[in-house]
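Nothing here was measured: the structure is a model prediction, and the numbers come from that model. The sequence lines fix the lettering, A, B, ..., with proteins before strands; numbering per chain opens at 1.
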Amino acid sequence: MRHAIYLFLTLTAFWLLNSGHFSALMLSLGLGSILLVLFIAHRMDVVDHESQLVHLSPKLPSYFFWLLKELILANISVVKHIWLGNHSISPALTTVKASQKTDVGKVIYANSITLTPGTITVDLVGDRITVHALSQDNIQALETGEMDRRVSQVVN
Amino acid sequence: MLIGATLAILVVMILAIIRGIIGPTLYDRILAVNMFGTKTVLLIALLGFVMGRPEFLDIAIVYALINFITVVGVLRYSDSFAFKQPAEKKQPEES
Amino acid sequence: MDVAIEIMSAICLLIGSFLCISGGVGILRFPDFYTRMHAVGVTDTLGAGMILIGLMLQSQDILIIAKLVMVLLMTLFINPTASHALAKAAIHNGLKPVLGNKECNHTESESSSR
């Protein structure tokens, strides 16, 4: 029930942000649509502790800023490889280990890897993540495990 | 500058369409379509500002969601016959 | 509108356009499917982000800025999921990546694309 209330508040904020109309008819239509979404989510059985992530909020902003810095560096590297041509790249397929315990942590780690240009999560089985990388430097940066450590800090 | 950025996005969309036409595998084509959709979101947002009607952003949000559902919906059929055909023709079975 | 904000917005739009065109060139130049995916990643993250930040600097209405932030967050959350689904489907259906490593190359006679 608590998760359903969280979902209701999130959906209400989302609706109000998108709408900008505050007449009675619009508000009642919005309430109806929110309740419909809640009903569908309840039927799909997806209303659980994963549908609200409030508990990992305090350390999230610092991780976002670190990820933004990594994103800019990786973008510069990939753009350099694009303009230098095909002989400058050496694609590699490797496997790294995810040390997160929960599913949410693994998903955040894998999504961060994919979001950074130059590395893509190809497969995730158990705690082994298969990564395709554009060059050896990306692999080495990933194998130092700094991103892994930071994601573990955020989730736990 | 807004018009310049719009033209740049149009050029990128043309490049994505070229890759979608000549793409050797099916996945290249899906990738090109995904990129085309993302660039369409940016194009709609930019056009809204060029024409002085930022209400276009609502359409951009809806388009982003539709684009995602399209790609995931197509990939849902990736176990089917047509997806496996090109890979198996070149590669003998190993497993 | 302030001139400084106008100039910053123009710079952001310029960088975003350059990154997007780089990604567009990369999707044509790179040798196989998986490397092309990296090129698309450039346009999806920083290219789109820079253009949307440039647009944010140009508008005064708080509702419009909120919607632009929403578009940006949606792009950043959705695109990795779509790319991962695509890469997973490709590798499970037997599309082999071209590897640049010398010690990995001798096992495969020929790459699957090109």
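Residues A/L93 and C/I91 have side chains in contact (heavy-atom distance under 4.5 Å, counting atoms from C-beta outward). Contact of the A/W83 side chain with the C/S22 side chain is registered, since non-hydrogen atoms from C-beta on lie closer than 4.5 Å.
Proximity to chain A is absent for every atom of C/L86, based on heavy atoms less than 4.5 angstrom apart. With a 4.5 Å cut-off on non-hydrogen atoms, C/L46 touches chain A through its backbone and its side chain both. Contacts of C/K88 with chain A are made by both backbone and side-chain atoms, with heavy-atom separations under 4.5 Å. There is no contact between A/S135 and chain C, counting heavy-atom distances below 4.5 Å. Neither the backbone nor the side chain of A/A110 comes within contact range of chain C, judged by heavy atoms closer than 4.5 Å.
Across A/I82 and C/A39, no two heavy atoms sit closer than the pair CD1-CB, 4.3 Å. Annotation for A/P117 and C/V42: closest pair CB-CG2, 4.0 Å, computed over non-hydrogen atoms. The heavy-atom pair separating C/F77 from A/N111 by the smallest distance is O-ND2, 4.4 Å. Residues C/A66 and A/L17 approach most closely at CB-CD1, 3.8 Å, considering heavy atoms.
Atom CG of C/N79 is separated from atom OG1 of A/T114 by 11.0 Å, given to the nearest 0.5 angstrom. Summarising the geometry, atom CG belonging to C/L19 is positioned 6.0 Å from atom CG belonging to A/N75; distances are rounded to the nearest 0.5 Å. Taking CG from A/L134 and CZ from C/F30, the interatomic distance works out to 5.0 Å, rounded to the nearest 0.5 Å.
Listed options A/I89, A/I120, A/V78, A/L71 were ranked by heavy-atom pairs under 4.5 angstrom with chain C; first place goes to A/I120.
Using modelled atom types, one finds no donor on one side chain facing an acceptor on the other under 3.5 Å when comparing C/H84 with A/D123. For the residue pair A/H132/C/H38, the side-chain donor-acceptor check at 3.5 Å is satisfied.
Residue C/M70 qualifies as enclosed at atom CE: its count of foreign heavy atoms under 6.0 Å is above 12.
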